[in-house]
Amino acid sequence: MLTSEEIHPDHQGPGKDPFKHSLSRIGRLTGAARLEDGAVTLYGDNANLAIVPVAAGILRLKVFFGENAPDLGTTPAILPLAGPGDSALTEDEEAYTIDSPGLRAVAVKSPFSLKVYDDRGGLLANLLGIEWNEKRSQTALLAMDDRSHFYGLGEKTGFLDKKGERYEMWNSDVYAPHVPDIEALYQSIPWSIHFRYGLPAYGVLLDNPGRTAFDMRTRADRYQISAEKGALDLYIVQGPTLKDVVRHLTALTGRTPLPPKWAVGYQQSRYSYMSQEEVLKVARTFREKKIPCDVLYLDIHYMDEYRVFTWDPVAFPRPHEMMRELEALGFNLVPIVDPGVKKDPSYGPYREGVQNGYFCRKLEGDIFIGPVWPGPSAFPDFTDDGAAAWWGDLHVHYASHGIKGIWNDMNEPSVFNESKTMDLDVVHANNGDPRTHGELHNLYGMLMSKATQEGMKRHLNGERPFVLTRAGYAGIQRYATVWTGDNRAYWEHLAMSIPMVLNLGLSGVAFAGPDIGGFSHHTTGELLARWTQAGAFTPFCRNHSAIDTIRQEPWLFGEKVEDICRSYIGLRYRLMPTLYSLFYEASESGLPIVRPLLMEYPDDANVYNLCDQFLFGPDLLIAPILRPGTFSRAVYLPAGVWIDYWTGERHEGGRWILADAPLATMPMYVRAGGILAEQPLAMYADDATAQSEPITLTVYAGGDGQFRLYEDDGRTYAYEQGAYRLREFNWSEQNGAGKLRCQTAHDGLPHESQKEDSDANADKQTLRIVVRQLSSAPAQAIASGATLQEWTYDAATRQLYAVVEGAAGNFELRLF
Ligand code: GLC
């Protein structure tokens, strides 16, 4: 524990700025040359800069020293992009100008500075200079001003807007309470978005997996992006909107693939379910109590003395039998797999790893051994494709039991030693380009998840695997879902989980969530109820708690809390067609599933740091209760009309309202014009009851709106071959008449008549349509392109109900 001694005057060093002394700068630009693929090199007095148009709207800037050509290799974070084609280099007395599709860079010669403009002439990044100290720790200085706000930064504590903060990127296992002072957590995504009202937004990614820092605090007029060691390798990512910035970022670092639908469901964990019998009891209780749940987790106690790829022979004597019962109940099981392999010559994975040279080693050849749960352990070198493939294939141990999901933990890597991680002088093989652990630290966790995902994929016969990870780097979304590590059952952590998940989404990680209820410390019924309400809307939805805490399954806090958990988890399942469609959107465009209001309302100055409420997709506003004993709250409704999800009450936006929130109610609002797709309540994602009835599309009248409904088998990769259906619905109103138009972009699912067993699956050609809050009673409803089987209007609730058949193609429903 830290005491006041920590701030003893004698302990204060020169501060955190490593660049105080002996700084060097690029100086004057003395020449320029063209490289291949439209890249340009600018030569300076003291260093050079490679400028590479990577794709339309993405410009790479890499500092390099000496006379050799720049090394334009990248880390695995960066996808190989085709490149935007050519660029033009022009020179005048003052500056060099590099034009590439979407972007213009103007580099002033003396002293060096560089501005990046978008294709409308809007100023994006204003790079005031680059500095380095005698150890070649480099810093980029970028202009900011009073209007600046910062987002992204991956998984960080604090509020949504990161202005005035400084963060380090160094994957760290932080069990200490996560507080705003903590500069580094488990994930490192060296990425910030610079947002100013009225100006185009842009982002900067630093592709360096060593220790790096983003400092929006120290200087008033500039922010600093630094790399302690290795390259200052920056990607300037164009906007102009926040959505565009995230689209471009995820073109560069990849997108969240469609998960299996079961992984989108509610999940229950505990450190640890101690035996096979206990796991089954929890599973049966969920079903008895009719609380929907898709996944149970096995924490470290399922293993034989924490040896990964084993079962404890006493506590889990018949895993196959356990799996069969779980399957019959509709559960998936996700076991934890840590990277530490117990040092035990009689244990297969350790022996094989040693014999084949798969473990991380020092230059002198010694295997790095560090203590973790199993005691002294070796760590696979995932930077080597051979080791990664070996590790991936070890997962056949799980896949052969029918396990489809793996939980990667401790993969910063966390080591129970003084430095808390692997020795920095370990030399990773890195596929023939050896690098120290210090240089590659932040990549370790991501490469573990990559090996895991690829291995599982090889052994799942065409089913989609699910991987959950604690550590990651830019691009982690391609391989794994992220949970935000060891939070606590504090109300403050419930509140903090929202900006954390929102900023992860703005950093490319659409599929993320916290431990619902809080991991360590002891939850209360009230906290669990409120956290489950909010958690029902975070993309990843798992209740998890630590070994020494009060148990946290939803039924342990009395009937009222149980009912609340049941109904909000149930709501998640009813909204599954909406949620799954948002996952589709994330996989396609990188847009996050949950969004800060700023993303949809970028002109509204009230929302730049608003993070006690959020949007689920574009139109559903979620306003959770984040404090105990609180039964109402202020909710900000942006411009437009908003409809209370529960009561149907209409509110003019552009103002705060006071919402009622008794314990059983979390305030939720739908934008007028918004469309939500719902299905019948299901106990798990593949529950046949969910498929037994048509999807209901609810339109909230009073404005125009759009929604894309995506459907596929939720399990396999058949969608890659076209086995999916994508329909775009547009709702518009004119002179009291409403029109719902469906355009089917793709219809690759079998129609009812083509199915062998027509009872087993929903007739997806039938849609139920509900229009809420119609301004006047329609005299007529007419469908074209599909059959309007029935329609009714309830004047009391101002609600129209219609059933449309043959709704798989293009059709229109008109109300007038
Ligand atoms: C770490 C994980 C936590 C897990 C525990 C035991 O603390 O973050 O989720 O339960 O290890 O495996």
Side-chain angles (χ1 to χ4, degrees), residues 155 157 171-178 182 184-188 267-275 278-279 282 295-312 315-316 333-342 370-375 377 379 398 405-417 420-421 444-445 448-449 452 466-472 476 480-490 493 496-497 500 504 512-523 531 535 538 540-553:
E155 177 194 57
T157 53
N171 288 357
S172 307
D173 174 356
V174 182
Y175 185 71
H178 299 170
I182 289 174
L185 283 172
Y186 316 89
Q187 297 272 331
S188 294
Q267 322 199 2
Q268 183 66 48
S269 183
R270 172 76 181 173
Y271 169 29
S272 299
Y273 291 128
M274 293 293 193
S275 69
E278 190 180 357
V279 171
V282 173
V295 189
L296 297 182
Y297 280 72
L298 293 182
D299 208 321
I300 51 177
H301 290 93
Y302 77 89
M303 295 176 271
D304 180 12
E305 295 178 326
Y306 313 121
R307 288 175 184 85
V308 285
F309 311 106
T310 66
W311 297 99
D312 182 300
F316 290 83
L333 190 71
V334 175
I336 198 166
V337 177
D338 294 348
V341 175
K342 188 176 177 66
V372 267
W373 308 122
S377 302
F379 295 78
Y398 301 107
I406 299 292
W407 171 18
N408 284 166
D409 186 26
M410 305 290 280
N411 51 346
E412 293 72 28
S414 173
V415 182
F416 301 153
N417 60 12
K420 309 289 179 218
T421 193
Y444 191 82
M448 178 185 187
S449 290
T452 305
F466 165 72
V467 180
L468 178 67
T469 185
R470 195 169 72 174
I476 183 61
T481 302
V482 169
W483 103 100
T484 58
D486 296 346
N487 65 3
R488 303 204 165 195
Y490 298 166
H493 278 192
M496 194 175 66
S497 70
M500 218 183 231
L504 275 164
D515 280 344
I516 292 170
F519 175 67
S520 63
H521 195 55
H522 310 279
T523 206
W531 209 325
T538 45
F540 177 60
C541 179
R542 181 185 75 154
N543 171 325
H544 179 49
S545 57
I547 192 163
D548 51 354
T549 64
I550 190 169
R551 288 194 63 131
Q552 209 164 272
E553 288 79 12

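Numbering of ligands and ligand atoms starts at 1, following listing order. Excluded from the calculations below are hydrogen atoms, water molecules and symmetry mates; all remaining heavy atoms, backbone and side chain alike, are included.
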Exercise. Relative to the ring of Tyr398, is the ring of Phe309 parallel (under 30°), tilted (30 to 60°) or perpendicular (over 60°)?
Worked result: tilted

For this session: Ignoring hydrogens and angles, tell me if any N or O in the side chain of Asn487 forms a donor-acceptor pair with the backbone of Asp515 under 3.5 Å.
Result: yes

For this session: Report the relative orientation of the aromatic rings in Tyr271 and Trp373; use parallel for angles under 30°, tilted for 30 to 60°, perpendicular for over 60°.
Result: tilted

Problem set entry | First-shell residues of ligand 1 [heavy atom, distance under 4.0 Å] | Tyr271, Asp299, Ile300, Ile336, Trp373, Trp407, Asp409, Arg470, Trp483, Asp486, Phe519, His544

For this session: Taking salt bridge (Lys or Arg N to Asp or Glu O under 4.0 Å) as the test, write out the residues that go with Glu412, two or more places apart.
Result: Arg470

For this session: Would you check, one step at a time, whether the test ring-ring contact (aromatic ring centres under 6.0 Å, His included) holds for His178 with Tyr186?
Result: CA-CA 11 Å; His178 299 170; Tyr186 316 89; 5.7 Å; yes

Problem set entry | Non-hydrogen atoms of Gln552 and His544 that approach each other most closely | NE2-O, 3.2 Å

